[in-house]
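One structure below.
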Amino acid sequence: MERKKFISAILLALPTFSFADRLFYSDKAVSASSANKKGFIVRSDESRYNGKLTKSKNAFLHCKISSADTNENLFIQSSTPKVFEHKGGPPPHIHGNEDEIIYIVSGEFIVHIEGKDFTVKTGDTAFIPRGTLHTVINPIENNPGTLITLFHPAPKKVEDFFSYISEHGDVPKDIVPDGW
């Protein structure tokens, strides 16, 4: 249980780390960039695509922290049961410009990194640096598990890509982020 608390604390601290570079600027620069930023809550059945709360009963993914909220520094999403109705996952791919972190909230999955398969379970975390061949595989039908995925940095096109998947359940061909 202590490991789970430790991992949760790290995940909760990630947004702070993404803003750390701003702490070294003058007070004016920090206050100017955050002048219109306010804290918010995103409920378990909600998303925050493009910095606005949305609610969809049939969502495949939920955006929890929008790239619009972080000046394109961070994007956080969680899975829904709908995305894991079937075995499998996306083909192995590379993010040329973004690091990816996958935290297993519950269940069991397979993370493929650079030709090796790793079984990951509740509380495990996978770090995938930009430029690394990887994928996530759902090993069972109707997997009740849940993942949280973080991207850093997070250009708007990354969020648009996952917003499309969440709404349509398939991969868009015209808005694939650069380097993917």
Side-chain angles (χ1 to χ4, degrees), residues 7-25 29-30 32-56 59-80 83 89-105 109 111-114 120 124-136 146-180:
I7 296 294
S8 296
I10 288 173
L11 287 173
L12 290 172
L14 281 172
T16 303
F17 294 138
S18 72
F19 296 111
D21 60 330
R22 294 194 183 106
L23 297 176
F24 298 105
Y25 295 131
V30 172
S33 67
S34 61
N36 57 0
K37 299 282 184 183
K38 294 182 180 180
F40 55 86
I41 301 294
V42 180
R43 303 289 179 196
S44 63
D45 61 343
E46 295 175 336
S47 289
R48 191 170 167 80
Y49 287 110
N50 297 305
K52 297 180 182 166
L53 281 177
T54 62
K55 199 170 192 174
S56 170
F60 282 81
L61 302 164
H62 285 300
C63 174
K64 297 304 179 180
I65 304 295
S66 168
S67 60
D69 297 320
T70 66
N71 296 323
E72 298 187 347
N73 282 306
L74 183 67
F75 172 74
I76 301 176
Q77 69 182 352
S78 64
S79 61
T80 69
V83 79
H93 56 280
I94 294 172
H95 305 296
N97 303 312
E98 301 83 21
D99 295 330
E100 182 175 354
I101 300 166
I102 302 167
Y103 175 71
I104 313 306
V105 176
F109 298 89
V111 175
H112 177 87
I113 302 174
E114 293 289 345
V120 290
D124 292 345
T125 302
F127 174 70
I128 301 141
R130 60 195 82 185
T132 302
L133 183 67
H134 70 283
T135 192
V136 177
T146 302
L147 305 175
I148 294 176
T149 310
L150 301 93
F151 291 91
H152 173 73
K156 183 179 182 320
K157 203 161 188 177
V158 170
E159 183 173 331
D160 291 345
F161 178 80
F162 287 108
S163 175
Y164 183 95
I165 292 171
S166 180
E167 185 177 337
H168 300 283
D170 62 359
V171 175
K173 304 296 184 231
D174 58 338
I175 56 172
V176 176
D178 296 334
W180 287 30

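Computed from heavy atoms alone, side chains included, the values below leave out hydrogens, waters and symmetry copies. Computed from a predicted model, the values in this text were never measured in an experiment.
- Of the possible donor and acceptor atoms, one in the side chain of K37 sits under 3.5 Å from a partner among the backbone N and O of D69.
- Residues F151 and Q77 form a side-chain contact, since some pair of their non-hydrogen atoms from C-beta on lies under 4.5 Å apart.
- Atoms CZ and CD1, on R48 and I76 in that order, are 12.0 Å from each other to the nearest 0.5 Å.
- I101 CD1 to T125 OG1: the interatomic distance, rounded to the nearest 0.5 Å, is 8.0 Å.
- A 4.5 Å side-chain heavy-atom check between L147 and I104 finds at least one atom pair inside the cut-off.
- In this structure, V171 and F161 have side chains that are in contact, with non-hydrogen atoms separated by less than 4.5 Å.
- Taking every heavy atom of both residues into account, F60 and H168 meet most closely at CE1-C, 4.3 Å.
- Residues that satisfy the side-chain contact (heavy atoms from CB on, under 4.5 Å) test with L133, not counting sequence neighbours, are P92, I94, E114.
- Residue pairs satisfying the salt bridge (charged side-chain N to carboxylate O under 4.0 Å, His left out) criterion with at least one member in residues 160-171, sequence neighbours excluded, are listed as follows: K156-D160.
- In this structure, CD1 in I165 is found 6.5 Å from CG in L61, a value given to the nearest 0.5 Å.
- Interatomic distance, K64 NZ to L74 CG, rounded to the nearest 0.5 Å: 14.5 Å.
- Remark: S79 pairs with no residue by the side chain to side chain donor-acceptor pair (under 3.5 Å) rule, at least two apart or across chains.
- Contact detail for P129 and D99: the closest heavy-atom pair is CA-OD1, 3.5 Å.
- Nearest heavy atom pair, residue A68 against residue G51, reads CB-N, 3.9 Å.
- Here the side chain of E100 pairs no donor or acceptor atom with the backbone of T149 at under 3.5 angstrom.
- Not counting sequence neighbours, the partners of S47 by the side-chain contact (heavy atoms from CB on, under 4.5 Å) test are Y49, T54, H62, C63.
- Not counting sequence neighbours, the partners of K55 by the salt bridge (Lys or Arg N to Asp or Glu O under 4.0 Å) test are D45.
- Heavy-atom minimum distance, S67 versus A154: CB-O, 3.0 Å.
- Atom CD1 of residue I128 and atom CD1 of residue I113 lie 5.0 Å apart, to the nearest 0.5 angstrom.
- The backbone N or O of A59 sits less than 3.5 Å from a side-chain atom of T80, completing a donor-acceptor pair.
- Every residue meeting the ring pair (Phe, Tyr, Trp, His ring centres under 6.0 Å) condition with H93, not counting sequence neighbours, appears here in chain and number order: H95, H134.
- Counting only heavy atoms from C-beta outward, the side chains of D124 and F109 never approach each other to under 4.5 Å.
- Across all their heavy atoms, E98 and P153 have their closest contact at CG-O, 3.0 Å.
- Using cut-offs of 30° and 60° for the angle between ring planes, the F162 and F75 rings count as parallel.
- Looking only at side-chain heavy atoms (C-beta outward), P91 and T135 stay at 4.5 Å or farther from each other.
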